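Whatever order the structure lists ligands and atoms in, that order sets their numbers, starting from 1. Predicted, not measured: the structure shown is a model, and the values here were computed from it. Numbers here simply count residues along the sequence, with the first being 1.
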Amino acid sequence: MAVRSGTKVSLDTILSNIHKEFHISTDHIRTIIKQFHVEMTKGLDHEGATLPMIPTYVTGRPSGKETGHYLALDLGGTNLRVCSFDLQGQGNYSVHQQKYVISDELKTGEMRDLCGFIADCVDNFISEHGSDHLQDALQLGFTFSFPVLQTDINRGTLMRWTKGFACSGAINKDVVVLLQDAFLRKNLNVNIAAIVNDTVGTLMAHSYLNPTTTMGVILGTGTNACYYEKRANIKKWKDTANTFDEMVVNMEWGAFDNERRVLPLTVYDNKLDRESINPRQQIFEKMISGMYLGEIVRNATLSLVDQSLLFDGQSSKDLNQQWGFETAYMTTILADTSSDLARVQHVLQDILQIPNTTLQDCTIVQRICFLVAQRAARLSAAGIAAVLSFTSNIDHACSVAIDGSVYEFLPGFEGHMKALLVELFGDAVHDRIQFALAKDGSGFGAAILAMVAHNDTQ
Ligand code: BGC
């Protein structure tokens, strides 16, 4: 590995400066949690608040006794997934599933085309996986992971797109009606029985296994959380005919602090936001989720290149490209514990085509990745702490179901989250609050909800 001489600023100074930019103190986290409580209260009180706190019409917990054949559709991240579940009761089920890639053209084209594509995938899936339920309509749970203002378990209008989607003809429209129409156009005998946010699907799937599950959290391409809220606290709920003790609330926490009151945004976050397709929106999500973390690292790296503190002041075409630093590279970089940081160098030289890197360059880039991931983990844990303290669950043994690539694959992520909870609430919280990986749970949760919703109409 090359050694370079003549850098005027010491490595320690460079590392300590990046640390200052990205570190969030425990006190600052407490301020963020207080603000969460303020915003949650507003969102439960009236429509139009920054945290929408959407009632999901999901009022019970799954019993594990559910049986039957149900389809689930999962749209909201990188892929579309179609699954069929055979629920056999006693918590047992079998599943077939297929993934389909959604092109950038579909993500930003017309909603009618996206729905047509989804209908084709469902058609293809049913033909391939067969079904002996041809007379009756197949019941489908639709996991649609965007902010949808629900008006029933199978009704809801899209408030805005997130995560790089921007189809025209969908905002303020009922997405269930749009997709059901596409099924009709293809003569598909499939009924959308429930529309489900991925956080809610994850919560349902995990509650099926563990009844102490209180929250569902996604830390993936995007981020969000849902939890059980008491009827009396959902002040904006006006339907007196509908009686229930608690309902799952989809927080849409990616929008937390869009006003920028408490989140310590750096110049790198601001640049990312300005250049994104949804500036001034999803600010919390942009500091946490997989769609954005690599881009924050790229911005911070380029700033050091511009000061001639990295790579001898030389960048590359790949590194200069917006979104050119994938969040997946962070996983490789953070997993490298070797003394020569060979895998970090591989990412920089072989993937990003930076001509010459020194051990010091690799150390600095690894530290940037570490700090960006640690900040994301602390903010995610702050959101969870805010909910668990708001609902008084922080003092009880409970489980938080979490899914998503950031949580699953970024080395150290869960450790940083747990460390923050301990800083805030003391050692005992470590074992009291369980974080459980609920891998691909949202499809299963959607199938359960399709069953519950369908049985309610019988
Ligand atoms: C969406 C949420 C979703 C989250 C995780 C966010 O961008 O607004 O509805 O739950 O991503 O997929």
Side-chain angles (χ1 to χ4, degrees), residues 39 43 49-58 72-81 99 102 107-108 141-150 156-167 170-172 175-176 194-206 215-227 248-258 272-273 276-293 295 327 376 379-380 383-384 387 400-410 413 437-443 445-446 449:
E39 295 297 333
T50 305
L51 275 186
M53 306 297 285
I54 303 166
T56 61
Y57 293 77
V58 174
L73 199 58
D74 199 338
L75 176 76
T78 330
N79 297 304
L80 170 75
R81 258 187 328 143
K99 276 189 187 174
I102 306 174
K107 284 185 187 165
T108 52
F142 180 23
T143 306
F144 183 72
S145 307
F146 299 96
V148 166
L149 195 58
Q150 283 189 243
T157 53
L158 179 65
M159 299 165 72
R160 58 182 166 272
W161 287 111
T162 58
K163 297 177 286 198
F165 278 72
C167 295
I171 309 275
N172 293 329
V175 281
V176 176
I195 180 162
V196 183
N197 187 262
D198 51 356
T199 56
V200 181
T202 301
L203 174 60
M204 284 303 111
H206 204 258
M215 280 185 83
V217 178
I218 300 288
L219 298 167
T221 309
T223 184
N224 188 15
C226 72
Y227 70 101
V248 177
V249 169
N250 167 15
M251 299 173 72
E252 286 297 335
W253 79 11
F256 171 69
D257 205 33
N258 277 348
L272 176 151
D273 180 45
S276 70
I277 63 168
N278 54 350
R280 315 293 294 187
Q281 284 180 29
Q282 300 293 104
I283 295 297
F284 192 59
E285 174 162 274
K286 285 173 179 158
M287 296 176 88
I288 290 180
S289 77
M291 172 143 187
Y292 305 102
L293 294 186
E295 182 68 359
T327 302
L379 288 173
S380 317
I384 292 173
V387 174
V400 179
I402 311 180
D403 195 10
S405 49
V406 165
Y407 177 75
E408 191 180 356
F409 298 123
L410 275 191
F413 204 85
L437 177 67
K439 203 169 158 42
D440 290 344
S442 61
L449 289 175

At a 4.0 Å threshold, what atoms of ligand 1 neighbour a non-hydrogen atom of [X]?
{"X": "Gly222", "answer": "5 (C), 11 (O)"}
{"X": "Ile218", "answer": "5 (C), 12 (O)"}
{"X": "Thr162", "answer": "1 (C), 6 (C), 7 (O), 8 (O)"}
{"X": "Pro147", "answer": "8 (O), 9 (O)"}

Minimum-distance protein heavy atom relative to [atom]:
{"atom": "atom 5 (C) of ligand 1", "answer": "Asp198 OD2, 3.3 Å"}
{"atom": "atom 8 (O) of ligand 1", "answer": "Glu252 OE1, 2.7 Å"}
{"atom": "atom 11 (O) of ligand 1", "answer": "Lys163 NZ, 3.1 Å"}
{"atom": "atom 6 (C) of ligand 1", "answer": "Glu285 OE1, 3.0 Å"}

(request) Flag yes if more than 12 heavy atoms outside Lys107 fall under 6.0 Å of its NZ atom; otherwise flag no. (result) yes

(message) Under a 3.5 Å cutoff, is there a donor and acceptor pairing between the side chains of Asn250 and Asn224?
(response) yes

(request) State, without any angle test, whether Asp74 and Ser442 hold a side-chain donor-acceptor pair at a distance under 3.5 Å. (result) yes

(message) So for ligand 1, is Phe146 a polar contact partner (N or O within less than 3.5 Å, distance only)?
(response) yes

(request) Give, for atom CZ of Arg160 and atom CG of Asn278, the distance between the pair rounded to the nearest 0.5 Å. (result) 9.0 Å

(request) With sequence neighbours excluded, tell me which residues meet ring pair (Phe, Tyr, Trp, His ring centres under 6.0 Å) with Phe142. (result) Phe144

(request) Classify the contact between Thr223 and ligand 1 as side chain, backbone, both or neither, using a heavy-atom distance cut-off of under 4.0 Å. (result) backbone

(request) Provide the closest heavy-atom pair for Ser145 versus Thr162 in the form atom of the first, atom of the second, distance. (result) O-OG1, 4.4 Å

(message) I need the minimum non-hydrogen distance between Trp253 and Met215, along with the two atoms involved.
(response) CZ3-CE, 4.2 Å

